[in-house]
Amino acid sequence: MNELVGYLVSGVALGSSFALIGSGFVVVHRVTRVVNFAQGSLAVLGGMLSASLLGGRLPHGVGELVAVVVCGAVGLLMGILAVGRRGTPPLISLIVTLGISLLASAAIIWLWGQDPVSPPGLSGSMTILGASVERQRLLVLVATLLTFAALALVFSRSYLGKALTASASNPFAARMVGIDVRRMGLVAFALAGVLGGLAGVLVAPTNALSFSSDLPLALSGFAAAVFGGLTSPLRTLVGGLCLGVAGQLTAGYLNGSYQTEVALLLMLVIMIARSKSFVAEEAK
Amino acid sequence: MLHVEDLVVRYGSAVALDGVSLQVEAGEMVALVGPNGAGKSTMVNTIAGLLKPSAGSVRLEGRVALVPEGRQMFPDMTVEDNLKLGGWSIRNRDLAEVLDLLPDLGSLRRRKAGRLSGGQQQMVAVGRALMARPDLLVIDELSLGLAPLVVDELADHLRLLNRERGTAVLLVEQEVGLAFDVCTRACVLDAGRVVASGTSSELAGTEVVRRAYFGDLPRPEDLNTEDMNTEDMEEVIR
């Protein structure tokens, strides 16, 4: 019994990082209907930058903040390339982001080499309900909950959030009422850069990141986002937590090396089960 | 208010509008009628700034708002959010004025716009355009796909809006009867050109309007109806 509680607690902590990465997918897709394949690269960049900045004697807090801000700027740049030209179909933008992610891997090798990098984070662990959880993972959980609360507020309450949502809901009508759809897309990409950077900065201390970490990070985040139909922040959070718990249960009771496969399998099941709602979304 | 002069709009090599001129004065209600493919929607989209003219000019004094063909809701958002976004260009989020004019929208506020009936959506589309506090309201196909009773109600709202706020209206319609009934002045568009313009009463029932819609087909009253049954006549008109 104690064992089970332990897996649940560590699963929730792990799952919150999936959700945090997934939030970037949600923001970009909700506003532009583009799946940003470079979302994982943004997280890797965030982790690498914070490692270098903290190594360069920037104090904690400042180093992480600078890394996140730079990732936001990189996200904006990605947005300019992917959705900067008016009328670019989402599928073309998606392929552009795929190209950017390949380019980003090369750039990361060039700048940081091939070895995994891990910036310092919170050290030590705490015991919760009999399960030992690293304090850094708890920080991730708290940051994730705050981020999702903020996202939900922005999208459901703020005027800007409604305009962001309207841009993808009906681009023609959005332009007609004077919403600059292109600019909204850029805002979304910049926000996704910040979210991706934040995820990387927070995850890297417990999971060392290398140039090739972008794909596993993106996959787990994407799986969480698929739970939310790639549009709902709240359901993405739930999805991330479910995936984390499922992964930890698999690792605990079966075999640790099956974790990724279980996540992928869950994603497949959800995509098939929800395929109707995806189609309906496009048909609107 | 709206001065369109010698407007030419091309899609590639196809000419959609070929030297069209049209004026709408402040507080006026003008109809733009014509059959399918006459260039009405091109005209609307050019006035709204969504299309660039190849030649000629569109000059606007004051704000213009558009009620587009097919309503163009934000389907998964509430009526309230649809309306609020209508005021985006002037950051107007206050619904009171529009609900005062279109009280029926009050009870629909929390409903998803995509779930409403066509008539309700059209009312939301009008309300959304009014949120931008326009001096000129351009309406593309008010009656399309709506029951006559619903259209009459919408027309009443337009008259009220024009009378109480002095908002000018450019009504783009296929339904000539409705257009002439609501508007005092009208312009007939056919194949990208203005073929007639004048007051609605002057134009009503004239040859040029009929020809724009039916081409050079013989008029029903010119046909020897004794030799034809109604089915044949409908065939000719079609």
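To find a chain, count down the sequence lines: A is the first, B the second, and so on, and within it residues start at 1. No hydrogens, no waters, no symmetry mates; every other heavy atom, side chains included, goes into these values.
Side-chain contact, S41(B) with D140(B): a donor N or O sits under 3.5 Å from an acceptor N or O. T167(B) and N162(B) form no side-chain donor-acceptor contact under 3.5 Å, judged by distance and modelled atom types alone. No side-chain N or O of R111(B) forms a donor-acceptor pair with one of T78(B) less than 3.5 Å apart.
Looking at R71(B), neither its backbone nor its side chain comes within 4.5 Å of chain A, counting heavy atoms on both sides. At a 4.5 Å heavy-atom cutoff, N82(B) makes no contact with chain A through either its backbone or its side chain. Neither the backbone nor the side chain of M131(B) has a heavy atom closer than 4.5 Å to any heavy atom of chain A.
In R159(B), the CZ atom is crowded: over 12 heavy atoms of neighbouring residues, nucleotides or ligands sit closer than 6.0 Å.
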